[in-house]
Amino acid sequence: MKTYFDVEGDGGSDVLGQVLRQRERIAHAMAGIDHVVAIGSGKGGVGKSTLTMQLALALERAKRRCAILDADLNGPCQARLAGLENVPLLPGDRGMALPRTLRGLGVVSVGSMVPEAKHLEFESVAEGDTHVWRATREFNLFQQLLGLVDWGRLDFLLVDLPPGAERTLQYAEVLGPAARFVLVTIPSALARGVVARSAAALEGTPNEVIGYIENMSGYYCGTCDGVRSLFGEGAAEAAELGFPCLARVPFDPRLASASDAGEPDLPRGPALRAIDEAAAQILSRVAKTT
Ligand code: ADP
(Lines give C-alpha, C1' and ligand atoms only; values in the text may rest on other atoms or scores of the structure.)
Protein backbone atom coordinates (compact mmCIF):
# COMPACT_ATOMS: atom_id res chain seq x y z
CA MET A 1 0.00 0.00 0.00
CA LYS A 2 1.29 3.46 -0.88
CA THR A 3 1.65 5.98 1.93
CA TYR A 4 1.27 9.72 1.56
CA PHE A 5 5.08 9.97 1.47
CA ASP A 6 5.17 7.90 -1.73
CA VAL A 7 2.96 10.35 -3.59
CA GLU A 8 4.87 13.06 -5.38
CA GLY A 9 3.49 16.59 -5.20
CA ASP A 10 -0.31 16.51 -5.38
CA GLY A 11 -0.27 13.25 -7.33
CA GLY A 12 -1.68 15.11 -10.35
CA SER A 13 -4.94 15.94 -8.60
CA ASP A 14 -4.45 19.74 -8.63
CA VAL A 15 -5.97 19.64 -5.18
CA LEU A 16 -4.91 23.21 -4.37
CA GLY A 17 -6.48 24.46 -7.62
CA GLN A 18 -9.69 22.57 -6.80
CA VAL A 19 -9.82 24.11 -3.32
CA LEU A 20 -9.21 27.62 -4.66
CA ARG A 21 -11.87 27.21 -7.36
CA GLN A 22 -14.35 25.98 -4.78
CA ARG A 23 -13.58 28.96 -2.52
CA GLU A 24 -14.16 31.31 -5.46
CA ARG A 25 -17.48 29.62 -6.26
CA ILE A 26 -18.61 29.95 -2.65
CA ALA A 27 -17.53 33.61 -2.39
CA HIS A 28 -19.38 34.36 -5.64
CA ALA A 29 -22.56 32.53 -4.59
CA MET A 30 -22.58 34.22 -1.17
CA ALA A 31 -21.71 37.72 -2.40
CA GLY A 32 -25.30 38.93 -1.95
CA ILE A 33 -25.63 37.70 1.66
CA ASP A 34 -25.17 40.38 4.33
CA HIS A 35 -25.01 38.21 7.45
CA VAL A 36 -24.44 34.54 8.13
CA VAL A 37 -25.69 33.36 11.52
CA ALA A 38 -25.12 29.73 12.50
CA ILE A 39 -27.47 28.24 15.08
CA GLY A 40 -25.59 25.61 17.05
CA SER A 41 -25.44 24.08 20.49
CA GLY A 42 -23.26 21.03 20.60
CA LYS A 43 -26.19 19.17 22.16
CA GLY A 44 -28.89 17.46 20.12
CA GLY A 45 -32.62 17.71 20.72
CA VAL A 46 -32.53 21.14 22.37
CA GLY A 47 -34.46 22.86 19.58
CA LYS A 48 -31.77 24.17 17.20
CA SER A 49 -33.76 23.34 14.08
CA THR A 50 -37.06 24.57 15.50
CA LEU A 51 -35.51 27.85 16.61
CA THR A 52 -33.62 28.30 13.33
CA MET A 53 -36.94 28.17 11.49
CA GLN A 54 -38.65 30.40 14.07
CA LEU A 55 -35.83 32.96 13.98
CA ALA A 56 -36.02 33.08 10.18
CA LEU A 57 -39.77 33.73 10.38
CA ALA A 58 -39.20 36.38 13.07
CA LEU A 59 -36.52 38.12 10.99
CA GLU A 60 -38.90 38.06 8.01
CA ARG A 61 -41.59 39.64 10.22
CA ALA A 62 -38.97 42.33 10.88
CA LYS A 63 -38.77 42.80 7.07
CA ARG A 64 -35.42 41.06 6.57
CA ARG A 65 -34.86 38.65 3.68
CA CYS A 66 -33.80 35.26 5.00
CA ALA A 67 -32.91 31.78 3.90
CA ILE A 68 -32.00 28.66 5.84
CA LEU A 69 -29.24 26.20 5.04
CA ASP A 70 -29.62 22.92 6.90
CA ALA A 71 -26.07 21.82 7.75
CA ASP A 72 -27.34 18.69 9.46
CA LEU A 73 -26.85 16.56 6.37
CA ASN A 74 -27.57 13.26 8.10
CA GLY A 75 -30.39 14.40 10.36
CA PRO A 76 -31.98 17.14 8.29
CA CYS A 77 -35.13 18.69 9.76
CA GLN A 78 -35.60 21.90 7.82
CA ALA A 79 -37.33 20.26 4.84
CA ARG A 80 -40.07 18.89 7.09
CA LEU A 81 -40.28 22.08 9.15
CA ALA A 82 -40.74 24.09 5.97
CA GLY A 83 -43.14 21.63 4.34
CA LEU A 84 -40.57 21.20 1.55
CA GLU A 85 -40.09 17.45 1.42
CA ASN A 86 -39.58 15.95 -2.05
CA VAL A 87 -38.53 19.29 -3.50
CA PRO A 88 -35.30 18.65 -5.42
CA LEU A 89 -32.76 21.37 -6.18
CA LEU A 90 -33.37 22.42 -9.79
CA PRO A 91 -31.01 24.36 -12.03
CA GLY A 92 -31.92 28.02 -12.44
CA ASP A 93 -30.36 30.92 -14.37
CA ARG A 94 -27.47 31.44 -11.93
CA GLY A 95 -26.93 28.13 -10.16
CA MET A 96 -29.43 25.93 -8.39
CA ALA A 97 -32.71 27.71 -7.70
CA LEU A 98 -33.41 28.30 -4.01
CA PRO A 99 -36.43 26.18 -2.97
CA ARG A 100 -39.01 28.40 -1.25
CA THR A 101 -41.95 27.90 1.07
CA LEU A 102 -45.35 29.23 0.02
CA ARG A 103 -44.53 32.37 2.01
CA GLY A 104 -41.22 32.78 0.17
CA LEU A 105 -38.69 31.63 2.77
CA GLY A 106 -35.72 29.96 1.05
CA VAL A 107 -34.74 26.60 2.54
CA VAL A 108 -31.98 24.25 1.42
CA SER A 109 -32.03 20.90 3.21
CA VAL A 110 -30.88 17.42 2.27
CA GLY A 111 -34.27 16.39 3.66
CA SER A 112 -35.82 17.80 0.47
CA MET A 113 -33.69 15.50 -1.67
CA VAL A 114 -33.33 12.29 0.35
CA PRO A 115 -36.57 10.69 1.65
CA GLU A 116 -36.81 10.11 5.42
CA ALA A 117 -36.69 6.33 4.97
CA LYS A 118 -33.16 6.67 3.56
CA HIS A 119 -29.91 8.04 4.91
CA LEU A 120 -27.18 9.90 3.14
CA GLU A 121 -24.47 7.48 2.07
CA PHE A 122 -20.93 8.53 1.34
CA GLU A 123 -18.96 6.18 -0.89
CA SER A 124 -15.64 4.96 0.34
CA VAL A 125 -12.82 3.09 -1.37
CA ALA A 126 -11.86 1.42 1.90
CA GLU A 127 -14.44 -1.07 3.17
CA GLY A 128 -14.59 -0.96 6.97
CA ASP A 129 -12.90 2.43 7.07
CA THR A 130 -15.69 4.56 5.65
CA HIS A 131 -15.47 6.84 8.71
CA VAL A 132 -12.14 8.11 7.37
CA TRP A 133 -13.94 9.59 4.38
CA ARG A 134 -17.23 10.65 5.87
CA ALA A 135 -16.33 13.91 7.59
CA THR A 136 -14.42 15.08 4.52
CA ARG A 137 -17.23 14.11 2.17
CA GLU A 138 -19.78 15.71 4.46
CA PHE A 139 -18.02 19.07 4.64
CA ASN A 140 -17.37 18.91 0.92
CA LEU A 141 -21.09 18.40 0.24
CA PHE A 142 -21.89 21.30 2.58
CA GLN A 143 -19.46 23.54 0.68
CA GLN A 144 -20.95 22.39 -2.61
CA LEU A 145 -24.41 23.43 -1.41
CA LEU A 146 -23.05 26.81 -0.30
CA GLY A 147 -21.41 27.38 -3.68
CA LEU A 148 -24.07 25.90 -5.98
CA VAL A 149 -27.23 27.61 -4.76
CA ASP A 150 -28.34 30.95 -6.18
CA TRP A 151 -28.86 32.66 -2.79
CA GLY A 152 -29.59 36.04 -4.38
CA ARG A 153 -29.81 39.11 -2.11
CA LEU A 154 -30.30 38.12 1.52
CA ASP A 155 -30.07 40.00 4.79
CA PHE A 156 -29.55 36.73 6.68
CA LEU A 157 -28.52 33.21 5.89
CA LEU A 158 -29.27 31.08 8.95
CA VAL A 159 -27.32 27.84 9.15
CA ASP A 160 -28.83 25.02 11.22
CA LEU A 161 -25.83 23.13 12.61
CA PRO A 162 -25.63 19.46 13.59
CA PRO A 163 -24.73 18.52 17.20
CA GLY A 164 -21.11 18.20 18.41
CA ALA A 165 -18.84 20.84 19.97
CA GLU A 166 -15.93 20.00 17.68
CA ARG A 167 -18.30 20.02 14.69
CA THR A 168 -19.44 23.52 15.69
CA LEU A 169 -15.81 24.61 15.51
CA GLN A 170 -15.33 22.95 12.13
CA TYR A 171 -18.36 24.80 10.74
CA ALA A 172 -16.87 28.07 12.00
CA GLU A 173 -13.84 27.37 9.86
CA VAL A 174 -15.88 26.38 6.82
CA LEU A 175 -18.25 29.36 7.08
CA GLY A 176 -15.41 31.83 7.57
CA PRO A 177 -14.59 34.50 10.17
CA ALA A 178 -17.59 36.71 9.38
CA ALA A 179 -20.12 34.05 10.37
CA ARG A 180 -21.72 34.66 13.75
CA PHE A 181 -23.05 32.06 16.15
CA VAL A 182 -26.12 31.71 18.33
CA LEU A 183 -26.06 28.75 20.71
CA VAL A 184 -29.17 26.99 21.96
CA THR A 185 -29.44 25.42 25.38
CA ILE A 186 -32.18 24.18 27.71
CA PRO A 187 -32.48 24.75 31.47
CA SER A 188 -30.43 21.75 32.54
CA ALA A 189 -26.86 21.46 33.75
CA LEU A 190 -26.49 18.52 31.35
CA ALA A 191 -27.14 20.67 28.27
CA ARG A 192 -25.26 23.63 29.73
CA GLY A 193 -22.09 21.53 30.03
CA VAL A 194 -22.13 20.67 26.33
CA VAL A 195 -23.06 24.19 25.19
CA ALA A 196 -20.21 25.55 27.34
CA ARG A 197 -17.87 23.22 25.44
CA SER A 198 -19.07 24.61 22.11
CA ALA A 199 -18.63 28.16 23.37
CA ALA A 200 -15.12 27.28 24.56
CA ALA A 201 -14.34 25.75 21.17
CA LEU A 202 -15.44 28.95 19.43
CA GLU A 203 -13.37 31.16 21.76
CA GLY A 204 -10.24 30.48 19.77
CA THR A 205 -11.86 31.63 16.51
CA PRO A 206 -12.48 35.12 15.13
CA ASN A 207 -16.21 34.30 14.96
CA GLU A 208 -18.57 36.28 17.14
CA VAL A 209 -20.90 34.37 19.47
CA ILE A 210 -23.90 36.70 19.63
CA GLY A 211 -25.35 34.92 22.63
CA TYR A 212 -27.46 31.96 23.60
CA ILE A 213 -31.16 31.20 23.61
CA GLU A 214 -32.55 29.19 26.48
CA ASN A 215 -35.20 26.97 24.91
CA MET A 216 -37.83 24.92 26.76
CA SER A 217 -37.58 27.54 29.46
CA GLY A 218 -40.75 26.41 31.19
CA TYR A 219 -43.89 25.00 29.63
CA TYR A 220 -46.66 27.12 28.19
CA CYS A 221 -50.00 25.95 29.54
CA GLY A 222 -52.79 26.97 27.17
CA THR A 223 -55.49 26.25 29.77
CA CYS A 224 -54.12 28.65 32.40
CA ASP A 225 -52.36 30.88 29.81
CA GLY A 226 -49.21 30.84 31.94
CA VAL A 227 -45.70 29.39 31.91
CA ARG A 228 -44.96 26.58 34.36
CA SER A 229 -41.64 25.11 35.38
CA LEU A 230 -40.46 22.23 33.18
CA PHE A 231 -37.06 21.25 34.53
CA GLY A 232 -37.62 21.95 38.23
CA GLU A 233 -36.40 24.59 40.64
CA GLY A 234 -32.83 25.76 40.25
CA ALA A 235 -32.48 24.32 36.74
CA ALA A 236 -32.45 27.75 35.11
CA GLU A 237 -29.63 28.99 37.36
CA ALA A 238 -27.65 25.81 36.74
CA ALA A 239 -27.99 26.44 33.02
CA GLU A 240 -26.60 30.01 33.04
CA LEU A 241 -23.73 30.55 30.64
CA GLY A 242 -21.15 33.30 30.90
CA PHE A 243 -22.32 35.24 27.84
CA PRO A 244 -25.52 37.07 26.85
CA CYS A 245 -28.84 35.28 26.94
CA LEU A 246 -30.88 36.57 23.97
CA ALA A 247 -34.21 35.13 25.10
CA ARG A 248 -35.90 32.37 27.06
CA VAL A 249 -38.38 30.44 24.92
CA PRO A 250 -40.94 28.26 26.69
CA PHE A 251 -42.00 24.87 25.39
CA ASP A 252 -45.27 25.45 23.55
CA PRO A 253 -47.08 22.24 22.48
CA ARG A 254 -48.64 24.15 19.58
CA LEU A 255 -45.13 24.85 18.25
CA ALA A 256 -44.22 21.16 18.49
CA SER A 257 -47.25 20.05 16.47
CA ALA A 258 -47.03 22.91 13.98
CA SER A 259 -43.36 22.03 13.40
CA ASP A 260 -44.18 18.37 12.81
CA ALA A 261 -46.87 19.39 10.33
CA GLY A 262 -44.50 21.64 8.38
CA GLU A 263 -46.64 24.67 9.09
CA PRO A 264 -44.41 26.42 11.60
CA ASP A 265 -46.43 29.61 12.03
CA LEU A 266 -46.70 29.98 15.77
CA PRO A 267 -49.82 31.45 17.38
CA ARG A 268 -49.39 34.44 19.72
CA GLY A 269 -48.07 33.70 23.16
CA PRO A 270 -44.93 33.78 25.29
CA ALA A 271 -42.92 31.56 22.89
CA LEU A 272 -43.59 33.84 19.91
CA ARG A 273 -42.74 36.93 22.00
CA ALA A 274 -39.46 35.37 23.14
CA ILE A 275 -38.50 34.42 19.59
CA ASP A 276 -39.23 37.96 18.37
CA GLU A 277 -37.09 39.22 21.26
CA ALA A 278 -34.19 36.94 20.22
CA ALA A 279 -34.49 38.15 16.61
CA ALA A 280 -34.47 41.79 17.81
CA GLN A 281 -31.32 41.08 19.86
CA ILE A 282 -29.64 39.54 16.82
CA LEU A 283 -30.58 42.56 14.70
CA SER A 284 -29.21 45.00 17.25
CA ARG A 285 -25.95 43.07 17.74
CA VAL A 286 -25.42 42.83 13.99
CA ALA A 287 -26.21 46.53 13.52
CA LYS A 288 -23.63 47.50 16.20
CA THR A 289 -20.81 45.68 14.50
CA THR A 290 -21.47 46.56 10.86
P1 ADP B 1 -32.42 19.90 17.58
O2 ADP B 1 -32.39 20.58 16.26
O3 ADP B 1 -31.61 20.64 18.62
O4 ADP B 1 -32.04 18.45 17.52
P5 ADP B 1 -35.29 20.10 17.36
O6 ADP B 1 -35.46 21.49 16.86
O7 ADP B 1 -35.40 18.99 16.36
O8 ADP B 1 -33.91 19.96 18.16
O9 ADP B 1 -36.35 19.92 18.53
C10 ADP B 1 -36.57 18.67 19.16
C11 ADP B 1 -38.05 18.49 19.39
O12 ADP B 1 -38.53 19.45 20.33
C13 ADP B 1 -38.87 18.70 18.13
O14 ADP B 1 -39.90 17.75 18.13
C15 ADP B 1 -39.46 20.11 18.26
O16 ADP B 1 -40.71 20.26 17.64
C17 ADP B 1 -39.58 20.24 19.78
N18 ADP B 1 -39.36 21.62 20.25
C19 ADP B 1 -38.20 22.31 20.32
N20 ADP B 1 -38.37 23.50 20.90
C21 ADP B 1 -39.68 23.59 21.21
C22 ADP B 1 -40.49 24.59 21.84
N23 ADP B 1 -39.98 25.73 22.30
N24 ADP B 1 -41.82 24.34 21.99
C25 ADP B 1 -42.35 23.17 21.55
N26 ADP B 1 -41.64 22.19 20.97
C27 ADP B 1 -40.31 22.39 20.80
Side-chain angles (χ1 to χ4, degrees), residues 37-58 68-85 105 107-112 116 119-120 142 158-168 171 181-188 190-199 212-231 235-236 239 241 245-279:
V37 178
I39 317 297
S41 167
K43 193 100 176 90
V46 292
K48 291 180 297 300
S49 304
T50 310
L51 291 187
T52 303
M53 171 57 77
Q54 290 303 320
L55 285 172
L57 297 175
I68 294 175
L69 173 56
D70 192 348
D72 198 341
L73 305 179
N74 271 295
C77 287
Q78 292 301 335
R80 176 180 274 273
L81 281 168
L84 284 175
E85 289 157 301
L105 177 68
V107 178
V108 174
S109 171
V110 166
S112 298
E116 281 179 353
H119 71 106
L120 197 60
F142 178 73
L158 301 187
V159 184
D160 178 12
L161 297 183
E166 162 69 8
R167 276 271 192 75
T168 308
Y171 274 98
F181 283 74
V182 169
L183 299 180
V184 179
T185 191
I186 55 174
S188 85
L190 207 64
R192 183 207 170 278
V194 179
V195 179
R197 277 182 212 280
S198 301
Y212 71 94
I213 299 178
E214 187 183 275
N215 191 27
M216 308 195 192
S217 197
Y219 165 87
Y220 173 68
C221 165
T223 320
C224 58
D225 193 26
V227 176
R228 295 174 164 202
S229 167
L230 188 60
F231 282 85
L241 287 152
C245 177
L246 306 179
R248 296 181 201 280
V249 182
F251 185 94
D252 186 333
R254 297 170 304 174
L255 174 55
S257 43
S259 300
D260 274 354
E263 289 161 3
D265 278 314
L266 181 58
R268 283 172 195 280
L272 189 70
R273 278 199 297 279
I275 288 156
D276 279 335
E277 169 62 21

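For ligands, and for the atoms within them, numbers begin at 1 and follow the listed sequence.
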(request) Closest by any non-hydrogen atom to atom 6 (O) of ligand 1: pick that one out of Asp260, Thr50, Ile213. (result)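 Closest candidate by heavy-atom distance is Thr50.
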
Hey, does [X] come in under 3.5 Å of ligand 1, counting only N/O atoms on both sides?
X      : value
Asn215 : yes
Leu51  : no
Asp160 : no
Cys77  : no
Gly47  : yes
Gly44  : no

(request) Could you list the atoms of ligand 1 found under 4.0 angstrom from a heavy atom of Val46? (result)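 Reading through ligand 1 atom by atom, the close ones are 1 (P), 3 (O), 8 (O).
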
(message) Using a 4.0 Å cutoff against the non-hydrogen atoms of Ser49, which atoms of ligand 1 qualify?
(response)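 With Ser49 as reference, the close atoms of ligand 1 come out as 2 (O), 6 (O).
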
Identity and distance of the protein heavy atom lying nearest [atom]:
atom                    : value
atom 25 (C) of ligand 1 : Asp252 O, 3.0 Å
atom 16 (O) of ligand 1 : Ala256 CA, 3.7 Å
atom 12 (O) of ligand 1 : Met216 CE, 3.8 Å
atom 4 (O) of ligand 1  : Gly45 N, 2.8 Å
atom 27 (C) of ligand 1 : Phe251 CE1, 3.7 Å

(message) Keeping Asp70 on the side-chain end and Cys77 on the backbone end, is there a donor-acceptor pair under 3.5 Å?
(response)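 Flag set: sc Asp70 to bb Cys77 pair under 3.5 Å.
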
(request) With heavy atoms only and a cut-off of under 4.0 Å, state how Pro250 meets ligand 1: side chain, backbone, both or neither. (result)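 It is the backbone that gets close, since no side chain atom is under 4.0 Å.
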
(request) Give the intermediate values and the outcome of salt bridge (Lys or Arg N to Asp or Glu O under 4.0 Å) for residues Arg80 and Glu116. (result) CA-CA 10 Å; Arg80 176 180 274 273; Glu116 281 179 353; 2.9 Å; yes

Heavy-atom closest contact ([X] atom, [Y] atom, distance):
X      : Y      : value
Ala278 : Leu55  : CB-CD2, 3.9 Å
Gly111 : Ala79  : C-CB, 3.3 Å
Ile68  : Met53  : CD1-CA, 3.8 Å
Lys48  : Pro162 : CE-C, 4.3 Å

(request) May I ask whether Gly75 places a heavy atom under 4.0 Å from ligand 1? (result)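 Judged by the 4.0 Å heavy-atom criterion, Gly75 does not count as contacting ligand 1.
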
Would you say the side chain of [Y] lies within less than 4.5 Å of the side chain of [X], judging by non-hydrogen atoms?
X      : Y      : answer
Leu241 : Arg192 : yes
Pro253 : Tyr219 : yes
Val46  : Pro163 : no

(message) Would you say atom 14 (O) of ligand 1 makes contact with the protein, given that contact here means a non-hydrogen protein atom less than 4.0 Å away?
(response)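 It does not: no protein heavy atom is found less than 4.0 Å away from atom 14 (O) of ligand 1.
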
(message) Strictly inside 4.0 angstrom of atom 22 (C) of ligand 1, do you find any protein heavy atom?
(response) yes

(request) Kindly state whether the ring of Tyr171 and the ring of Phe181 have centres lying under 6.0 angstrom apart. (result) no

(message) I need the full list of side-chain hydrogen bond (donor to acceptor under 3.5 Å, both in side chains) pairs touching residues 251-262, with sequence neighbours left out, sorted by first then second residue.
(response) Asp252-Arg254

